[in-house]
Each structure stands twice: as structure tokens, then as C-alpha cells.
Amino acid sequence: MQTTIKTAISFSGTGLHSGRPATVTIRPAGAHHGIWFSRSDVDVGDRLIPARWDAVNRSPLCTKLENAAGLQISTVEHLMAALAGCGIHNALVEIDGPEVPILDGSAAPFVRGIMQRGVRVLAAPVRAFEVLKTVTVTDGEASATIAPAETLKIDFVIDFADAAIGHQEKSLVMNNGSFARELCDSRTFCRQADVDAMQANGLALGGHAGENAVVFDGDQVLSPGGLRHDDEPVRHKMLDALGDLALAGAPLIGHYTGVRAGHSLTNTLLRALFATPGAVRMVECDAQMASRLPGFGLEWDEIPAVA
């Protein structure tokens, strides 16, 4: 059945790129509502922004949504991953600014907060998008593919010149609480040279090594405390991919493979999927199919203590 959060919960922090304080509140919503954002700081006009692939204003650094009136909300990927990973299908997300707070750079605080409030089952069957044809998009050496599968599976490969990152790859089936156990506490990461360049251009103003990001420089991990996982970078890329795939508008049943892929390429993949005749269909899930969706089977003791 479809779900929502039992009671509202708020999170406060700083936007990673804007450096501005922000508070986001996740509120319950009814069946068939889906996930929508609402800008509470806007007094007039359309304040609602759909969490959907065709509302993405593509950016290489984060996932940014924009409604028909031009109102934006950015850096939604970690929150979207948490909602998907906890099996939340319907929610209204209110925010008092243009960027979701980065918190500790991972999705773990969102996951722990959602699970503290609990999940409410609604009186409507859950619907999902089932991938029927393989679709691939490329951008130079980067590629993203979605193929038919019985559940959502994510494979990811990254390759960085920095020795502290290097070549990493990981594969994970996204049901039975695996997102919370394996991915949700992995933080956003970048190279020191990229931090310097972004901040020189007015970006990453809220980023702080150790507090909300992992920073690498050659063979060194500059963030105090080091890594939460030896392969934390590829795990975070998988976290991002789940959040970006959640913008399909319903749970996605398919096998995603990302090779050096980022937010923009994953959105290009969703656009190609929905534009390809016969590549995807919406299905009403029976109990067996629903048991294979992200978030099914998640237990409280599986959530990492770092949150």
C-alpha cells in the first residue's frame, strides 16, 4: 500500500552552495499526492514545485527543481533519497528558502528523523514504474543505463585521479533496508581544487570539511575523522542516484548502472526512458512486488548511529 510519514518533522541547517540557513519540514500527505515541495518564504504566486524528472533544471553540482513560474529549490537529492529509502510515497516538503540544508552531507539525519516519526500506511495500492526496455545515455566517458529487473538495483563505477579516491565500484539491491544500512550515512565529497574553484565562483559557501563534506587532496583525506567507509565516495554517488531516480514520480523497478555519472546525466536518462515508446509502464503492485521496492523491510536498528 502507499505510505506517508505519520507526523511532521523539521530539519534546520545550512545550504551547501548558498551558505544560507534553511529549515525544511516534511508533512504527511494523502494517497496519490506524491512528493511536492512548497516554498514557505514566498508570499505570492505558485509556491508548489513537483519532485519530478520533468521539473529538473539540470545542473552538474546538485539536483535543482523549478516550477512553471520559475520558482526553484535546489540540492534535493539527499532528502529524495531518504524518502525513497524509507519507502515514503507521499509527502509535502515545506522549506523557507531556495536550498535544502546539507546537514552532515549524507541522508542519514533525514532517514533517522523519518523513522522516528514512523510510516503510515494509506488506503491505496502503491504504483510503480516498471522498466521494459534498456535505455542508455552517455556524455563523454560517463554513461547511465536503466534496464529491466525485478527490483531496483544500482551499480556504480567511479574513477578519480586522486589516489585517496581512485577506482571504486559497488552494486546493491535497494530493498530490505539496504539503503539505510549501506548508503545513507555516506557524505558528499569533492577535491580541494574543486572546493577552491567553486567558492571562487560563489558556490559551496556552506561546505565545511568534516562537518558536511569529505574533502580529498591527492592521496590525503583532509576531513577530520577520515572516512565512514573505505569506499564512501562511490556509496555517496549511489545515494545521489537513488535520490535522482526517485524523481521518476513513483518507485522505479529497474537496474540502474552509472559509470562516472552525475545528477544531470541521471536526469537525462529519466527523460530518455519516458520518451522511448514502450520502455516503461506504470503497474499496480501486489504484495510480492511491493516487497521488492526501496524501503520495504527497513528496521530502526539498521539505521547508522552517525545520524
Side-chain angles (χ1 to χ4, degrees), residues 1-3 32 34-35 50-56 58 63 77 80-81 83-89 124-139 141-158 168-184 234-235 237-298:
M1 307 298 284
Q2 293 182 36
T3 64
H32 308 300
I35 310 296
R52 205 172 55 233
W53 59 273
D54 55 348
V56 170
R58 281 178 280 189
T63 300
E77 56 269 21
M80 290 301 301
L83 290 168
C86 292
I88 298 293
H89 309 124
V126 63
R127 295 180 296 184
F129 284 117
E130 182 182 20
V131 176
L132 303 176
K133 294 181 180 179
T134 299
V135 177
T136 298
V137 294
T138 61
D139 181 11
E141 295 182 332
S143 67
T145 298
I146 191 79
E150 292 188 350
T151 186
L152 178 61
K153 181 181 180 182
I154 295 179
D155 296 349
F156 218 103
V157 178
I158 61 174
Q168 298 181 12
E169 55 184 88
K170 189 173 179 64
S171 177
L172 195 64
V173 173
M174 300 306 301
N175 60 359
N176 295 320
S178 59
F179 171 74
R181 287 194 308 273
E182 303 285 345
L183 303 182
C184 83
V234 74
R235 291 177 187 241
K237 296 291 285 187
M238 297 170 74
L239 183 162
D240 280 347
L242 177 63
D244 291 334
L245 292 172
L247 296 174
L252 194 62
I253 301 173
H255 182 183
Y256 170 92
T257 301
V259 178
R260 299 184 177 185
H263 302 295
S264 180
L265 193 59
T266 301
N267 181 252
T268 299
L269 178 65
L270 285 180
R271 291 173 184 268
L273 175 68
F274 287 105
T276 302
V280 64
R281 67 178 176 182
M282 176 164 275
V283 295
E284 189 172 289
C285 298
D286 58 20
Q288 184 180 31
M289 184 176 288
S291 71
R292 300 195 298 266
L293 298 180
F296 184 88
L298 175 60

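Keep in mind that what you see is a predicted model, and the values were worked out from it rather than measured.
The only option from E284, H32, H89 that meets the side chain to side chain donor-acceptor pair (under 3.5 Å) definition with R127 turns out to be H32.
Side-chain contact between L152 and I253: absent, with no pair of heavy atoms (C-beta onward) separated by less than 4.5 Å. The shortest distance between side-chain heavy atoms of V283 and M289 falls below 4.5 Å. When side chains are defined from C-beta on, T63 does not count as touching N267, because their heavy atoms never get closer than 4.5 Å. Between M80 and I35 the shortest side-chain heavy-atom distance falls below 4.5 Å. I154 is not listed as a side-chain neighbour of S171, based on a closest heavy-atom distance of 4.5 Å or more. Contact annotation: the side chain of H255 never approaches that of V131 to less than 4.5 Å [non-hydrogen atoms, C-beta and beyond]. In this structure the side chain of K170 reaches within 4.5 angstrom of the side chain of E182, judged on heavy atoms. Side-chain contact between L242 and M174 is present, with heavy atoms from C-beta onward closer than 4.5 Å.
The two residues L273 and A279 have their closest heavy-atom pair at O-CB, 3.6 Å. When all heavy atoms are compared, the tightest approach of A128 to C285 is CB-SG, 3.7 Å. The two residues R292 and N175 have their closest heavy-atom pair at CA-ND2, 3.3 Å. Minimum interatomic distance between P277 and K133 (heavy atoms only, all atoms of both residues): O-NZ, 2.9 Å. Taking both residues in full, the closest heavy atoms of L293 and P251 are given as CD2-CB, 4.0 Å, listed atom of the first, atom of the second, then distance. Contact detail for W53 and A248: the closest heavy-atom pair is CD1-O, 3.7 Å.
One distance of note links CG of L270 with CD1 of I146; it measures 7.5 Å at 0.5 Å rounding. Taking CG of L269 as the reference point, atom CG of D244 lies at 10.5 Å (rounded to 0.5 Å).
Checked by atom type, the side-chain pair R260/S143 shows no donor-acceptor distance below 3.5 Å. Side-chain contact, T136 with T145: a donor N or O sits under 3.5 Å from an acceptor N or O.
The main-chain N or O of V234 is found under 3.5 Å from a side-chain atom of Q168 such that the two form a donor-acceptor pair. Although no hydrogens or angles enter the test, the distance criterion places a donor-acceptor pair under 3.5 Å between the side chain of K237 and the main chain of A261.
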Residues F274, D54; criterion side chain to side chain contact (heavy atoms under 4.5 Å, CB included); working and verdict = CA-CA 10 Å; F274 287 105; D54 55 348; over 6 Å; no
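With sequence neighbours excluded, the residues that form a side-chain hydrogen bond (donor to acceptor under 3.5 Å, both in side chains) with T266 are Y256.
Under 4.0 Å is where a charged nitrogen must lie from a carboxylate oxygen, and between R281 and E130 at least one such pair does.
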